[in-house]
Amino acid sequence: MNKIKLGIVGFGFMGHCDADMMNTFEDIDLVAVADTNPEQMKDAPDGVETYANIDEMLANADINVVMVSTPNPSHPEMVKRPQRQKNTLSVKNRQQ
């Protein structure tokens, strides 16, 4: 089985929690995080690429899954964006 190469969009409180949780799985490698606030990414794990926005991450990072960890109201917008053939995970439904 190929490993999941994960990129997380939104690296605030929930993004950090999601990263910690995903790091417990052997078949998932956290490859990249994106956040519009550079302060949020100062403590990104070693070896994880950081990006100023989702488009930059999608264009440059070697990922095959995107996890949306932005504030709740932005989830529908993030899921609707063209993800460049990436699988997308969101824990909020589209109607919120």
Inset, instruction - State whether the side chain of Asp27 and the backbone N or O of Lys3 hold a donor-acceptor pair below 3.5 Å, judged by distance alone. - result: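 Flag not set: sc Asp27 to bb Lys3 has no pair under 3.5 Å.
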Inset, instruction - Evaluate side-chain contact (heavy atoms from CB on, under 4.5 Å) for Ile4 paired with Asp29, printing each intermediate quantity in order. - result: CA-CA 6 Å; Ile4 293 172; Asp29 284 336; over 6 Å; no
List the atom pairs, donor and acceptor, that lie under 3.5 Å between side-chain atoms in residues 7-14 and the rest of the protein, sequence neighbours left out.
none

Legend entry - Spacing of CD belonging to Gln40 relative to OG belonging to Ser69, to within rounding of 0.5 Å: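 Answer rounded to 0.5 Å: 11.5 Å.
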Legend entry - The single option from Leu30, Val65, Leu6 passing side chain to side chain contact (heavy atoms under 4.5 Å, CB included) against Met22: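 Per the side chain to side chain contact (heavy atoms under 4.5 Å, CB included) rule, the option paired with Met22 is Leu6, out of Leu30, Val65, Leu6.
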Inset, instruction - Take Val33 and Met57, measure what side-chain contact (heavy atoms from CB on, under 4.5 Å) needs, and give me the verdict at the end. - result: CA-CA 7 Å; Val33 295; Met57 182 177 77; 5.7 Å; no
Inset, instruction - Search all heavy atoms of Asp35 against all heavy atoms of Met41 and return the closest pair with its distance. - result: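 Heavy-atom minimum between the residues: O-CE, 3.4 Å.
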Legend entry - side chain to side chain contact (heavy atoms under 4.5 Å, CB included) against Glu26, all qualifying residues, sequence neighbours excluded: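 Checked Glu26 against side chain to side chain contact (heavy atoms under 4.5 Å, CB included); zero matches.
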